[in-house]
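Below is one structure; the comments refer to it alone.
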Amino acid sequence: MIPPGFIQDLLARIDIVDIVGRHVELKKAGINHKGLCPFHGEKSPSFIVSPSRQTYHCFGCGVHGNAIGFLMEHTGAGFIEAVEDLAQQVGMQVPQDERSPAEIQRAQAQKAHQLSLTDVLAKATEHYRKQLKGSARAIDYLKRRGLTGPIAAQFGLGYAPEGWRALASAFPAYDDPLLVEAGLVILQDDPDKSAEEQRRYDRFRDRIMFPIRNVQGEVIGFGGRVLDKGEPKYLNSPETPVFSKGRELYGLYEGRTGLRQRGYALVVEGYMDVVALAQHGFSNAVATLGTACTADHVHKLFRFTESVIFSFDGDAAGRRAAGRALEAALPHATDTRSIKFLFLPSEHDPDSYVRELGSEAFERCVERAIPLSRQLIDHCGEGLDLGSAEGRARLLAHAKPLWQQLPQGLLKRQLLGELARMAQLPDQELMGLWQASESRRSAARSEHPASPHAPDDAPWDGPPPDLDELAYVQSGADGVADVGTAPAGNPPSRKPGGEKKPWSKDRKDWKEWKKREQDETYGLPRHQPASPRDHALRMLLLHCAWWELLSDQDHQLLHELPGEHGEVVAWLERYLVNHGPGPWSVLQAALEEDGLLELAQRASGGRLHASDDELQLEDFQRLLRKLWISRLEEESRQLSAGPVTPAVLEQLRGLRLRIQELKAG
């Protein structure tokens, strides 16, 4: 962990005007400096850099922060990278973190390997771009699709020429294993041949190449589209250590400025849709990578915006894709977020629509996008006769599992009222029916707990025990018959001949009961004990600089925490990207300004104070391990409940091994 004192010293030594001035042309304006905002398009400068406060602020789009935040936002650097960059400029040495030498070595090895892969992919990107410049056929294809040179350059488009080993001209060591691991070269799997004899050939051939970048701007994979007829029309990189199709979104890095300008993310289905929309002024479009929209995609989008519009073709396949996106989005549909769905005519996709009808026509489609609540009702009622009792009953049967995924709030309550009116039932009756089924499930779970014993720290909710009787029972002495079934209010039988100690005002237990007499709640829990999720969120809010010390997998785990916990984590990451870490008092003010302070305190187990937490990073890492163990154990239970196949057994063995490693750590 980088000590907060070091961050303060670093910010005191640097000059934010120099840092920002390397990226933005600034002019003196009174005591401040002014320039065109690098985060949104503007003709009149509204971007102010204050040397006295060492901050920047744009009066056009609202971005603001310090020098660390500027580098993170403008260059895509992580917090530690930005700190190290600034420290190097002023000759300061960044203190080492508190991880063990083995953990540091593993992290460094993993980072070095990932950098090797991204270096290979960056080199391939340059090769494909050069090939595009020399291919009249590929250039003509892009022009026919309405794309200009600047847009092609913005997205780094390239061309993979025909031929089985065209990449050999870019990589002299064509047998380098990194080419296979990065997904650029396919290695023939022939068990009868040695590794040297295996046939190697380019994965992408005669295709327009779309580099896929992560949020830091590093190329992590490619999508390739055929120029003419051929299958598959789109070909993606395989899963690699730096690329996961189910988590990445094409165009998110290029669209960061567009997201701020337009205030929402537009999710489409193809690479060409993203590029064509950007050509026509919709620079806020992103695309899933040949997969259905997942919960990971929605998590990532809500790190950058509070409003998402999903765009689909109006045909049956588009409707099915919209249904999957709806299910992925429901758990994130809080009262402060906007989720909408846009359906184009069945003969169009966003690319063809905007090219044929223009950007204004597409803007009107966006304005007519339907909200999530209406999409849920339409999706559940599709093909049903709502004029019949059977049709209305089926509507509710379809809607119930989706409605239950919504987080608690006004949207969930209003949607229940809407469904009740459509089903011709009173609101309270439908709520009672659905809550009754929830209660039955909860009762069933309580009748069959995971463990036959209550946890040691379970709160006591019965009458205050007799201290002598409790001490005797806990001693394990003989003669206590059936303590668990003793009538309420009657103490269990004493050991024969046993007598209570004589009463005295000096007895400690009398003093305890005297306090109970004055305060009935004395000695009892004030609220539900905090869970590991509460503790983890509490520590992270009090020590937000720890966020940058976590791995991407840990980030994802925290973002996937259910309900309010995940919502606070998403806010925290957005805050750190814009402002960098700071003391709890600063975060508290920001949460209060955004109307989230009460939610954050509720999700973290109560009011937070800077002096509350003296725990160290190791304590937080132990909590993370507990969360990982719970997550992996749940995955094991789900796998065990399904069909048992060799593949499932292998996954279960891997999960058990991982759980054992976490428990040993």
Side-chain angles (χ1 to χ4, degrees), residues 62 259-260 262-267 284 293 295-310 322-323 325-342 366-380 396 399-422 427-428 430-432 434-435 438 533-534 537 541 558-575 578 587-608:
L259 291 175
R260 294 193 195 91
R262 289 188 168 268
Y264 67 93
L266 179 62
V267 184
N284 57 326
C293 184
D296 289 331
H297 290 140
V298 180
H299 269 299
K300 183 163 285 191
L301 285 170
F302 280 123
R303 297 184 198 181
F304 296 90
T305 181
E306 291 294 298
S307 180
V308 174
I309 297 178
F310 294 98
L326 172 67
E327 292 184 23
L330 282 171
H332 312 287
T334 63
D335 294 341
T336 59
R337 289 173 175 168
S338 171
I339 301 171
K340 295 183 178 181
F341 293 80
L342 182 160
V366 171
E367 293 171 357
R368 293 195 297 268
I370 62 177
L372 175 140
S373 57
R374 176 54 52 191
Q375 173 62 17
L376 186 149
I377 293 173
D378 291 348
H379 176 73
C380 296
L396 293 182
K400 180 181 174 182
L402 299 180
W403 177 85
Q404 288 173 333
Q405 292 185 50
L406 286 166
Q408 293 297 328
L410 293 175
L411 174 61
K412 187 173 187 176
R413 179 66 184 87
Q414 291 183 74
L415 188 53
L416 182 134
E418 182 81 10
L419 289 166
R421 284 188 288 276
M422 294 185 68
D427 295 13
Q428 293 302 319
L430 180 59
M431 178 176 286
W434 284 2
Q435 287 181 340
E438 282 290 310
R533 290 196 299 265
D534 298 338
L537 185 59
L541 289 171
L558 292 169
H559 273 288
E560 290 175 354
L561 292 177
E564 294 178 340
H565 296 86
E567 190 173 343
V568 175
V569 169
W571 177 90
L572 179 63
E573 185 177 51
R574 285 197 301 272
Y575 176 87
N578 287 319
L587 260 68
Q588 183 179 20
L591 282 163
E592 189 166 13
E593 183 179 349
D594 291 346
L596 296 173
L597 180 59
E598 183 179 348
L599 181 147
Q601 292 182 331
R602 185 167 62 245
S604 55
R607 290 187 176 275
L608 290 154

Between [X] and [Y], which heavy-atom pair has the shortest distance, and what is it?
| X | Y | answer |
| --- | --- | --- |
| Val569 | Leu558 | CG2-O, 3.7 Å |
| Ala420 | Asp427 | CB-OD1, 3.6 Å |
| Ile309 | Ala369 | CG2-CB, 4.2 Å |
| Ala325 | Phe341 | CB-CE2, 4.2 Å |
| Leu587 | Trp571 | O-CH2, 4.1 Å |
| Gly323 | His379 | CA-CE1, 3.7 Å |

Distance from [X] atom [atom1] to [Y] atom [atom2], nearest 0.5 Å?
| X | Y | atom1 | atom2 | value |
| --- | --- | --- | --- | --- |
| Leu561 | Asp534 | CG | CG | 10.0 Å |
| Leu537 | Leu572 | CG | CG | 8.0 Å |
| Gln408 | Asp335 | CD | CG | 10.0 Å |
| Lys340 | Leu266 | NZ | CG | 12.5 Å |

Qualifying residue, where the test is side-chain contact (heavy atoms from CB on, under 4.5 Å) with Leu402 and the options are Lys400, Gln405, Gln404 =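 Single side-chain contact (heavy atoms from CB on, under 4.5 Å) partner of Leu402 among Lys400, Gln405, Gln404: Gln405.
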Which residues share a side-chain hydrogen bond (donor to acceptor under 3.5 Å, both in side chains) with [X], sequence neighbours left out:
| X | value |
| --- | --- |
| Ser338 | none |
| Glu560 | Gln556, Arg631 |
| Trp403 | none |
| Arg421 | Glu418 |

Residues two or more places apart in sequence or in another chain: which of them pass ring-ring contact (aromatic ring centres under 6.0 Å, His included) with [X]?
| X | result |
| --- | --- |
| His565 | none |
| His559 | Trp547 |
| Phe302 | none |

Heavy-atom distance under 4.5 Å between the side chains of [X] and [Y], does that happen here?
| X | Y | value |
| --- | --- | --- |
| Val568 | Leu596 | no |
| Leu326 | Phe310 | no |
| Leu376 | Leu330 | yes |
| Leu415 | Ile377 | yes |

Margin query: What verdict does the side chain to side chain contact (heavy atoms under 4.5 Å, CB included) test give for Asp378 and Ile370, after you've listed the backbone C-alpha separation in whole Å, the side-chain angles of each residue and the deciding distance to 0.1 Å?
Written below: CA-CA 10 Å; Asp378 291 348; Ile370 62 177; 4.1 Å; yes
Among residues at least two apart in sequence or on other chains, which ones pass salt bridge (Lys or Arg N to Asp or Glu O under 4.0 Å) with Lys300?
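Only Glu248 meet the salt bridge (Lys or Arg N to Asp or Glu O under 4.0 Å) criterion with Lys300.
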Among residues at least two apart in sequence or on other chains, which ones pass salt bridge (Lys or Arg N to Asp or Glu O under 4.0 Å) with Glu327?
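Testing Glu327 for salt bridge (Lys or Arg N to Asp or Glu O under 4.0 Å), a comparison that skips the adjacent residues, returns none.
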With [X] via side chain to side chain contact (heavy atoms under 4.5 Å, CB included) - residues at least two apart:
| X | value |
| --- | --- |
| Pro371 | Ser373, Arg374 |
| Ala333 | Ile339, Leu372, Leu406, Leu411 |
| Gln428 | Arg413, Met431 |

Assess the residue pair Val267 and Val308 against the criterion (side chain to side chain contact (heavy atoms under 4.5 Å, CB included)); give the C-alpha distance rounded to whole Å, side-chain angles, the decisive distance to 0.1 Å, and a yes or no.
CA-CA 7 Å; Val267 184; Val308 174; 3.8 Å; yes
Decide yes or no on side chain to side chain contact (heavy atoms under 4.5 Å, CB included) for Glu564 and Arg533, but give the supporting numbers first. CA-CA 10 Å; Glu564 294 178 340; Arg533 290 196 299 265; over 6 Å; no
